[in-house]
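For reference, the structure discussed in these notes is given below.
Computed over heavy atoms, backbone and side chain alike; hydrogens, waters and symmetry mates excluded. Numbers restart at 1 for each chain; the letters A, B, ... are given by sequence-line order, proteins then strands.
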Amino acid sequence: MGDHSHGSPNDPGTVAKAGQGSVESFQDPGLPPHRPRLADVDPRAAKRAERQVTLLFVVSILGTALFFVAYFVVGRTSTFSGIRLQNTLLGLGTAFAMMGIGVGIVHWAKTLMPDHEITEMRHEIRPEAERQEAEAMIGDILDETGIKRRPLIRNSLIAAVALAPIPAIFMFRDLDRTGATANEIVDRLRYTMWDKDTKLVRDPSGTPIKASDVQIGSAFHVIPEGLDDTEDPLNEKAKAVVLLMRLDPREMEISPERETWHHDGIVAYSKICTHVGCPVALYEQQTHHLLCPCHQSTFDLTQECKVIFGPAGHALPQLPITVDSEGYLVAQSDFHEPVGPSYWERG
Amino acid sequence: MKALSQRRRHPLAAVALLLMGLLITGGLYAAAGSVNEAKAATTYSASDVDEGNKLFVANCATCHGMNAEGTTDGPSLVGVGAAAVDFQVGTGRMPMQMQGPQAQAKPKQFGDEETQKLAAYVASLGAGPAVPDDEAVDTTEGNSAAGGTVFRVNCAMCHNAGAAGGALTRGKFAPGISDVSSKHIYEAMATGPQNMPVFNDSNITPEEKRDVITFLQEIDAQGSAGGASLGSLGPVSEGLLIWTGGLAIVIAFTIWLTSRPS
């Protein structure tokens, strides 16, 4: 502190010769000469700068006033154009209020406050002796506590510190109020509410779907019947949403164990991407590609929703479906594998 | 009211009530039924079909075949309905300019009358969705909130929640819907042009289709609630603006802060 010096530092800073032939030396040029500003020499310029700074602060005051006008006067509307105008004015008011102060202070500092250049020298790095002194001090403290001589105290302190965080684990566990066991919690991810004879119904109207309603090329967004009666419809929906499509059965390559999973080319696939769980619902009815909008994973419907592009790890799970006696589409069972992104016991 | 309450125990009261109920349900049913009939009642004259056939052979048969049976270059048009023709030709997508990932909208090549004749010819090949009448797209009757729900479930994943459109696989895209006529929106839902899935009347009912159109008109008329929409493209255009415009402002301030005052 207070270790200022004007002009060049103590050492003129010549660089030693760096080998044969090269005899370059570098002279520290020091600071450039101080140049007075316009406001330093011309009182009228100083007066003008003063007025500019004041004007910027007034701009800030007006900005705050604009905020309140927008908040209390313009806000008395419910139309979109009114809300849009209010948002714009609130933003502009706040921007002017903040920027007026900031720009004003910087302009004040740059034009009117003293501008003499100063050089502050770096502090010397402290010598080794001080480090040893600190080390000795720590050793003294340890000796005075007697922690080396009284292992009983040391060990009981270690035990107490190790045990103290354990209650937190129990408190975090209590955040889950269902009292479910670990296996039940895993099952929540493994199973959805689809079950034998659960009707496929339209999202969001909840009306059942007749197989005859589904023409080739159409796509239905499907939820399980009774979704709204469950305890947590949004969580159930997040797992159970299904996309229902119909294509010519001759276009599909169906593996033997899935022969009975479709009904006349009507197939149902989980809408939850196997990458990070975005809804895969961009269906191209001619190419039979399903595209995930988040990371462009592409699934081929004709190959049982195999991944043909993108980061998804595995095919979309298929929901086995059939029709009931009235011709409505129903599920045969739950999905045969967990829906959604990678799952630790997928096998 | 007093007279009515005195007669409610009259022996014929039950009969009168029954008659009234039957009349109301019957009347409503007839009204509802006639709406559906009116929709399907669009008929084309034989001369329209003939002239449509000539236009078809001259302009479309190269790809779709002499009898619209389809070739390797174009699909069969049997059973696609008048609505498909009205959409594809009315928005200029057909005749196609060149083969590509998908046919794109361009200035239309046929007038309304010629389009109607082509539609008459294609409709005569097999039953399919008809061109909707004015009542089906009368948005004064529509419910934009209900339409918004249907749109977000069925349409928004491709066409964007603000109907600005979006990319599909391998060069295909879902177009923006802000400047498409109500009739063409209805026809696109009913026929599923190109890679768009079909949303037939049992999937999205005619009333729901009208609600969707009402919703689209409403968001179009009201614009973005949060200032400039930047094409409603989400983080791409917003990010681009902040990286270029925002950084330029930061750099400008940095230069000003460190510059020497005069």
Among the options [options], pick out the one with the most heavy-atom pairs lying under 4.5 Å from chain A.
options: Val153(B), Asn203(B), Val150(B); result: Asn203(B)
options: Thr149(B), Leu168(B), Thr169(B), Asn200(B); result: Thr169(B)
options: Glu208(B), Met196(B), Gln194(B), Arg260(B); result: Gln194(B)

Using non-hydrogen atoms only, which part of [X] is less than 4.5 Å away from chain A: side chain, backbone, both, or neither?
X: Ala174(B); answer: neither
X: Arg152(B); answer: neither
X: Ile204(B); answer: neither

Could you check if a side-chain atom of [X] sits within less than 4.5 angstrom of a side-chain atom of [Y], using non-hydrogen atoms only?
X: Asp40(A); Y: Asp115(A); answer: yes
X: Tyr328(A); Y: Val323(A); answer: no
X: Phe151(B); Y: Ile177(B); answer: yes

Option that, when pairs with chain B are counted at under 4.5 Å, heavy atom only, ranks first among [options]:
options: Gln286(A), His107(A), His288(A); value: Gln286(A)
options: Ala281(A), Ser218(A), Gly82(A); value: Ser218(A)
options: Leu85(A), Val241(A), Val103(A); value: Val103(A)
options: Thr111(A), Thr88(A), Asp203(A); value: Asp203(A)

Mind checking the OG-CD1 spacing from Ser205(A) to Ile223(A)? Nearest 0.5 Å is all I need.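 Spacing of OG (Ser205(A)) from CD1 (Ile223(A)) equals 7.5 Å.
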Find out if the SG atoms belonging to Cys294(A) and Cys278(A) lie under 2.5 Å from one another.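 Bridged: Cys294(A) to Cys278(A).
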Does a side-chain N-to-carboxylate-O contact under 4.0 Å join [X] and [Y]?
X: Asp213(A); Y: Arg202(A); answer: yes
X: Lys209(B); Y: Asp201(B); answer: yes
X: Glu207(B); Y: Arg210(B); answer: no

Checking heavy atoms, do the side chain of [X], its backbone, both or neither come under 4.5 Å from chain B?
X: Thr298(A); answer: side chain
X: Ile216(A); answer: backbone
X: Arg37(A); answer: both

Chi angles and distances behind the side-chain hydrogen bond (donor to acceptor under 3.5 Å, both in side chains) call for Thr214(B), Gln217(B): CA-CA 5 Å; Thr214(B) 313; Gln217(B) 286 188 350; over 6 Å; no
